[in-house]
Amino acid sequence: MRSLDAIDHAIIRQLLLNARISTTDLAAEVGLSPSSCLRRIRLLETSGAIKGYTAILDRTSPDAGMSVMVDITLERQTEDFLRRFESAVRKYPEIRECYLMTGGADYRLRVEVETAGDFERVHTDILSTLPGVLRIHSSFAIRNVLATRARPRRRGTA
């Protein structure tokens, strides 16, 4: 992967704030022509610096479901245990994110469920059956503070 420069980082910052920004507006934000900006975006995608785009759903409505943060401690931290655990986690769409961590737990998962009862099923049928799991600690998220982050004003506007 090629080294990223200040303009690449500026493009990525803007896309993190609004992945649907037009190329023309993005180019104006980072100080490039639209064609140069589009070329840079394609290079970032091709190199793997940008792996994809996603939608952030409004999880504030009562029927939107809930996020559960789950800390997993494994029996051992050998390469084989880590590999088997990570391979198994990829099989379950309810597990939306999985991070290898430092500190008290080996992994932190973000699990999306419809109800607390649905999480009980996930805990029993999925999490407790993952290979090498020694301990599971779960916390229900109340709300995602940053999902509703206001977009910054464009330069030069009041």
Side-chain angles (χ1 to χ4, degrees), residues 1-5 8-23 25-26 29-30 37-38 40-152:
M1 185 153 103
R2 71 182 180 84
S3 185
L4 303 181
D5 64 14
D8 292 327
H9 286 290
I11 290 170
I12 290 169
R13 249 188 326 276
Q14 291 301 316
L15 289 173
L16 285 170
L17 292 171
N18 179 8
R20 293 180 52 111
I21 189 172
S22 72
T23 304
D25 289 345
L26 179 57
E29 286 289 330
V30 300
C37 186
L38 184 58
R40 291 263 193 151
I41 293 168
R42 297 294 179 245
L43 284 171
L44 290 166
E45 292 169 346
T46 302
S47 72
I50 296 175
K51 295 198 179 292
Y53 301 88
T54 190
I56 298 172
L57 304 178
D58 179 7
R59 305 295 290 176
T60 60
S61 69
D63 60 343
M66 54 185 58
S67 292
V68 184
M69 304 305 166
V70 180
D71 290 338
I72 300 283
T73 303
L74 298 181
E75 296 171 16
R76 295 189 179 104
Q77 290 75 34
T78 65
E79 195 61 37
D80 181 55
F81 269 73
L82 299 175
R83 185 182 40 73
R84 288 188 311 123
F85 178 83
E86 291 174 14
S87 178
V89 162
R90 289 183 181 98
K91 297 176 184 174
Y92 300 101
E94 297 91 340
I95 301 172
R96 299 295 172 87
E97 296 179 79
C98 176
Y99 298 93
L100 179 60
M101 303 295 290
T102 62
D106 297 312
Y107 287 93
R108 172 153 301 155
L109 312 178
R110 182 174 63 83
V111 176
E112 292 288 332
V113 293
E114 294 301 317
T115 65
D118 193 26
F119 180 71
E120 181 180 11
R121 178 196 58 80
V122 169
H123 186 281
T124 302
D125 297 346
I126 297 173
L127 299 176
S128 64
T129 65
L130 292 169
V133 171
L134 176 66
R135 188 171 22 265
I136 302 169
H137 178 85
S138 307
S139 301
F140 284 78
I142 296 170
R143 69 181 159 96
N144 181 345
V145 175
L146 297 182
T148 57
R149 170 186 340 198
R151 289 182 42 205

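What you see is a predicted model, and the numbers here were worked out from it, not measured in a lab. Hydrogens, waters and symmetry mates are skipped; everything else that's a heavy atom, side chains included, is used.
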Let me confirm one number: the [atom1]-[atom2] distance from [X] to [Y], rounded to the nearest 0.5 Å.
X: Leu15; Y: Glu29; atom1: CG; atom2: CD; result: 11.0 Å
X: Ile136; Y: Tyr107; atom1: CD1; atom2: OH; result: 14.5 Å
X: Asp106; Y: Arg135; atom1: CG; atom2: CZ; result: 9.0 Å

Applying the side chain to side chain contact (heavy atoms under 4.5 Å, CB included) test to Asp8, which of Ile50, Leu44, Leu43 qualifies?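 Single pass found, and it is Leu44.
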
Backbone N or O of [Y] within a donor-acceptor pair of the [X] side chain at under 3.5 Å?
X: Asp71; Y: Ala105; value: no
X: Ser138; Y: Val70; value: no
X: Asp118; Y: Glu114; value: yes

Take atom [atom1] of [X] as the centre, draw a 6.0 Å sphere, and report whether it contains more than 12 heavy atoms from other residues, nucleotides or ligands.
X: Leu16; atom1: CG; result: yes
X: Arg121; atom1: CZ; result: yes
X: Glu120; atom1: CD; result: no
X: Tyr53; atom1: OH; result: yes

Would you please test Ile41 and Glu45 for side chain to side chain contact (heavy atoms under 4.5 Å, CB included) and show each step? CA-CA 6 Å; Ile41 293 168; Glu45 292 169 346; 3.6 Å; yes

Any Leu109 side-chain heavy atom under 4.5 Å of Ile72 side chain: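 Result yes, sub-4.5 Å side-chain heavy-atom pair found.
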
Ion pair check, Glu86 and Arg83, cut-off under 4.0 Å: no

Face-on cation placement of Arg84 at Phe81 ring, 6.0 Å and 45° thresholds: yes

